[in-house]
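This structure is a prediction, so every number in the text was calculated from the model and none was measured.
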Amino acid sequence: MPALLPVLSRLLLLPRALLSMASGSPPSQPSPASGSAYAAGSVSAAFVTCPNEKVAKEIARAVVEKHLAACVNLIPQITSIYEWKGKIEEDSEVLMMIKTQSSLVPALTDFVRSVHPYEVAEVIALPVEQGNSPYLHWVRQVTGSVLESGTAPP
C-alpha cells in the first residue's frame, strides 16, 4: 500500500500548469452559466497508484467512459517507498491524477477497488479550492450525467 508522501514530494517538482489542474485543454472551453461561480471543493483531484502503464490506462479509460472522471493524467515512473506487511518495499509505479466531482469520489473509489490489482488500492482525493473556472465547470459538466441519473454506472 504505497504511501502518498513520496508521491506528493514528486508532484511538487511537476510543472506549475499540472498542479493547477490546467494541463491540457478540454475539447471545448464552455463558459460558466451567467452568474454561476465555482463552488470551492465541488471538484476533487483523486490520486491512484498503479503497478504499470497498462493497468493505469485501462482504469483511466474506464472511469472516463463511465463519467466518473472528466480527465485522468498518467504520471509515469514514480517511485513509492512504503511499509507493507512489516517490510519496507520500493516499487516503480504510475500515478493517476483523476479530476472528478467531489460527490463522485465514493463511486470512483468503489469502482477502482473493484478492478485494481492491488490488495489495497490507494485512492485518495483532495478538494480543489480554486482554479481555472472554465476547466472546473467542464469537469462538472462532463461528470454531471452520472449525478443526473441518480445512480453510479456499473
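- Between Tyr118 and Glu93, the side chains place a donor N or O and an acceptor N or O closer than 3.5 Å (distance only, hydrogens not considered).
- Residues Val64 and Val105 do not share a hydrophobic cluster, defined by chaining ILVMFWY side chains whose heavy atoms lie under 4.5 Å apart.
- Considering all non-hydrogen atoms of both residues, Ala56 and Leu74 come closest at CB-CD2, 3.9 Å.
- The shortest non-hydrogen separation linking Pro117 to Val55 is CD-CG1, 3.8 Å.
- Of all heavy-atom pairs between Ala69 and Ile98, the closest is CB-CG2, 3.4 Å.
- Taking NZ of Lys87 as the reference point, atom OH of Tyr82 lies at 9.5 Å (rounded to 0.5 Å).
- Residues His137 and Ala37 approach most closely at NE2-C, 4.2 Å, considering heavy atoms.
- One N or O on the side chain of Thr100 and one on the backbone of Leu68 form a donor-acceptor pair closer than 3.5 Å.
- Within 6.0 Å of CD on Glu53 lie no more than 12 heavy atoms contributed by other residues, nucleotides or ligands.
- Pairing each heavy atom of Tyr38 with each of Val128, the nearest pair is OH-O, 2.8 Å.
- Distance check: Leu108 CG to Ile59 CD1 gives 10.0 Å after rounding to the nearest 0.5 Å.
- A distance of 9.0 Å separates CD1 of Ile78 from SG of Cys50, quoted to the nearest 0.5 Å.
- Formation of a donor-acceptor pair under 3.5 Å by the His67 side chain with backbone atoms of Gly144 is not found in this model.
- For Phe111 against Lys66, the heavy-atom pair with the smallest separation is CE1-CE, 3.3 Å.
- Remark: side-chain polar atoms of Ser102 are paired, donor with acceptor, to backbone N or O of Gly41 under 3.5 angstrom.
- Atoms CD and CG, from Gln101 and Leu136 in turn, are 11.0 Å apart once rounded to the nearest 0.5 Å.
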Please evaluate residues Phe47 and Leu126 with respect to the criterion side-chain contact (heavy atoms from CB on, under 4.5 Å), reporting the C-alpha separation (whole Å), side-chain torsions for both, the decisive distance (0.1 Å), and the verdict.
CA-CA 8 Å; Phe47 299 91; Leu126 303 171; 3.8 Å; yes
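- His116 places a side-chain N or O within 3.5 Å of a backbone atom of Thr49 that can act as its donor or acceptor partner.
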